[in-house]
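Excluded from the calculations below are hydrogen atoms, water molecules and symmetry mates; all remaining heavy atoms, backbone and side chain alike, are included. Per chain, numbering begins at 1; letters A, B, ... match sequence-line order. Everything quoted here is computed from the prediction, not taken from an experiment.
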Amino acid sequence: MSKEFFSRTENYSEWYNQIVEKADLAEHSAVRGCMVIKPYGFAIWEKMQAALDKMFKDTGHVNAYFPLLIPKSFFSKEASHVEGFAKECAVVTHYRLRTSDDGKGIVVDESAKLEEELIIRPTSETIIWNTYKGWIESYRDLPLLINQWANVVRWEMRTRLFLRTAEFLWQEGHTAHATAEEAIAETEKMLDVYADFAENWMAVPVLKGVKTANERFAGAIETYCIEALMQDGKALQAGTSHFLGQNFAKAFDVKFTNKEGKLDHVWATSWGVSTRLMGALVMAHSDDQGLVLPPKLAPFQVVIVPIYKGNDQLQTVSEAALRIKKELEAKGISVKYDDRDTQRPGWKFAEYEFKGVPVRIAIGERDVQNGTVEVARRDTKEKESLQQTNIGEKIAHLLEQIQDNLYKRAVDRRNEQTNHASSYEEFKKILDEKSGFVYAHWDGSAETEQKIKEETKATIRCIPLNNKKENGTCIVSGKPSSQKVVFARAY
RNA sequence: CGGGGUGUAGCGUAGCCUGGUUAUCGCGCAUGGUUUGGGACCAUGAGGUCGCAAGUUCGAAUCUUGCCACCCCGACCA
């Protein structure tokens, strides 16, 4: 079907770019490092948002909105936080433009310099904790469970559509609690929400774990994460949930009176997932024929393509097609009926295949006569002719099967790409030959972690939760270790 | 910021070395017709500051210099 299309094995990163662009998900904008999310791509993001938003609300959270611009001084209040973000902040210094002296262009009006510069948020902890100070006085005000859907800017040097862009969309949850235990429970609960979403909606299996000190969020006591494995064997951090301790409460002086009448600093968490999930979704399931979408996140789950010669046939075929569409919609299935006369059926088949529509139904004069439809599933590319009787149920069942199959396929792939290394030599060999997740003993030191990163480009993705304890020795230093950690090269 | 590369129609490109006057081809687009069960075909047509600026020259897409943008590799990416 495709002309000059890179396969996954030929050039994985080119393959990814092509899918994103040709499936109409996003494109580069006129602004360096910033993308335009196109309607079809944004529809997928909206599905993600809707599912996540419901999960957040079901766990007691509410949405709010905080400013895009943050006073510079806020960033100096939490030392490690500023250190983590300083290098990638966009700064607003002026508030007015004027016509240049030669009259030909527009220049910054130097007389309109801000007294204090404003930072375009790279994340919102600072402005939110500054606000929380005014909201929290007593344990009765806690917990505070707030989420925000927003855009953030991080001035990345090298960007890739969805995976790393200078501006991206995300949600950030910021909660405040009376005790450390409660905050830790919240952090873990939200990690579970993310894992649930990744596995049951995106059909992407993830590893739950905690980050090493090196990889921890700037300002966090503990960073929990979900890590996914892409088809090329590279890991992708798909979501993080941070236990912030009392760091931000202390930095922004947020205290409350507890039940015993004593003053204490509030305990905090923050957690987020971004449009990067779109990248994970694309890379997890797609093949050399284009995008493959899990039914639960597809903008439309079924496309119906009529096949006809002339207007008379179109009428009878359309009647049948629209009847089927209604029947499917009654089962809660989203359907697009494409009766455009400007494109031929073969063109439409290829188009929807590339866009990853889970199920395609073709119906022509022949089917109208026989009471059948041709049903093609995107994941396996199998086609079969089905009786129209109970078509709603049949397709609903098929969509469930596709969702399950995608997940199983992804799990199998991840298992194949997960290995254990007992020596540094073996470790390097696995990384170079098989890639993927590598379990290995590590002595727990930042030096060893750094050395491995420099020599192999692999980082510790996480220390898995519920990890099996086993005594061993670090593959690099030979020092004792009580458990294996997970390494991988990452996006 | 270092190393390498590329800028010609919406996209992909030929021409550049060796300067010569209507800038090539394909896709796409428009119109008409025939088509329509896996990316149709024929005919006609529209579409260009050759990245920008200066220079050399009778003459520049082509040579020179400067600038700009983008891509790849690295540094960077809680």
Considering every strand and a 4.0 Å limit on heavy-atom distances, what is the contact class for [X]: base, sugar-phosphate, or nothing?
X: A:K381; value: nothing
X: A:E374; value: base
X: A:N214; value: sugar-phosphate
X: A:K348; value: nothing
X: A:R160; value: nothing
X: A:E83; value: nothing

**Item:** Within residues 303-325 of chain A: residues closer than 4.0 Å to RNA chain B (heavy atoms)
**Value:**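 Nucleic-acid contacts, sorted: A:I307, A:Y308, A:K309.
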Whole-Å [atom1] distance, [N] and [M]:
N: B:G5; M: B:G66; atom1: P; answer: 16 Å
N: B:C50; M: B:A61; atom1: P; answer: 7 Å
N: B:G19; M: B:C11; atom1: C1'; answer: 29 Å
N: B:G55; M: B:U62; atom1: P; answer: 14 Å
N: B:C68; M: B:C76; atom1: C1'; answer: 24 Å
N: B:C25; M: B:C67; atom1: P; answer: 37 Å
N: B:C70; M: B:A14; atom1: P; answer: 23 Å
N: B:U6; M: B:G47; atom1: C1'; answer: 24 Å

**Asked** Pairs in or reaching into residues 34-44 of chain A: which pass salt bridge (Lys or Arg N to Asp or Glu O under 4.0 Å), with residues at least two apart or in two chains?
**Response** A:D24-A:K38, A:E27-A:K38
**Message:** I need the full list of salt bridge (Lys or Arg N to Asp or Glu O under 4.0 Å) pairs touching residues 69-88 of chain A, with sequence neighbours left out, sorted by first then second residue.
**Reply:** A:K72-A:E117
[X] has an atom [atom1]; how far is it from atom [atom2] of [N], in whole Å?
X: A:K22; N: B:G28; atom1: NZ; atom2: P; result: 13 Å
X: A:R276; N: B:C77; atom1: CZ; atom2: P; result: 13 Å
X: A:R489; N: B:G74; atom1: CZ; atom2: C1'; result: 15 Å
X: A:E21; N: B:G10; atom1: CD; atom2: P; result: 17 Å
X: A:D341; N: B:U34; atom1: CG; atom2: P; result: 13 Å
X: A:W347; N: B:A40; atom1: CH2; atom2: P; result: 10 Å
X: A:E156; N: B:G74; atom1: CD; atom2: P; result: 16 Å
X: A:F349; N: B:U36; atom1: CZ; atom2: P; result: 14 Å

Which label fits [X] and [Y]: parallel for a plane angle under 30°, tilted from 30 to 60°, or perpendicular past 60°?
X: A:W45; Y: A:W149; result: perpendicular
X: A:F252; Y: A:F248; result: parallel
X: A:F243; Y: A:W267; result: parallel

**Item:** Most 5' of A:K457 and A:I363 on RNA chain B, judged by nearest nucleotide
**Value:** A:I363
**Asked** Between A:H28 and A:K87, who's closer to the 5' end of RNA chain B by nearest nucleotide?
**Response** A:H28
**Request:** May I ask you to say whether A:D338 pairs ionically with A:K336, meaning some side-chain N is under 4.0 Å from a carboxylate O?
**Result:**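 So A:D338 does not pair with A:K336 through a salt bridge.
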**Request:** Verify the distance criterion only: is there a donor paired with an acceptor across the side chains of A:E449 and A:T212 at less than 3.5 Å?
**Result:**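 Judged by distance alone, the side chains do pair up.
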**Message:** Assess, by modelled atom type and distance only, whether the side chains of A:K394 and A:Q387 contain a donor and an acceptor separated by less than 3.5 Å.
**Reply:**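 Result is no, nothing qualifies.
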**Fill in**
The salt bridge (Lys or Arg N to Asp or Glu O under 4.0 Å) partners of A:R344 (sequence neighbours excluded) come to none
**Message:** Please enumerate all residues that pass salt bridge (Lys or Arg N to Asp or Glu O under 4.0 Å) together with A:K208, with sequence neighbours excluded.
**Reply:**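 A:K208 satisfies salt bridge (Lys or Arg N to Asp or Glu O under 4.0 Å) with A:D192 once adjacent residues are dropped.
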**Message:** So that I can compare with my own list, what are the stems of RNA chain B, taken as at least three consecutive Watson-Crick or G-U pairs with distances under 3.5 Å?
**Reply:**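 In RNA chain B, stems of three or more pairs: B:1-7 with B:68-74, B:10-12 with B:25-27, B:29-34 with B:40-45, B:51-55 with B:63-67.
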Counting only distance, no hydrogens or angles, is the base of [N] paired donor-acceptor with the side chain of [X] under 3.5 Å?
X: A:R344; N: B:G37; answer: no
X: A:E365; N: B:G37; answer: no
X: A:K383; N: B:G38; answer: yes

**Message:** Closest approach to the side chain of A:E351, judged atom by atom: which nucleotide of B:G37, B:C77, B:G39 is it?
**Reply:**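 That would be B:G39.
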**Request:** Starting from the C-alpha separation in whole Å, work towards a yes-or-no answer on ring-ring contact (aromatic ring centres under 6.0 Å, His included) for A:W129 and A:H81.
**Result:** CA-CA 13 Å; A:W129 279 90; A:H81 190 65; over 10 Å; no
**Item:** Within the 6.0 Å centroid threshold, strictly below: A:F427 and A:W442
**Value:**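 Judged by ring-centre distance (under 6.0 Å), A:F427 and A:W442 do not meet the cut-off.
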**Prompt:** Is the shortest side-chain N/O distance from A:R366 to OP1 or OP2 of B:G37 below 4.0 Å?
**Reply:**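 For B:G37, OP1/OP2 do not have a side-chain N/O of A:R366 under 4.0 Å.
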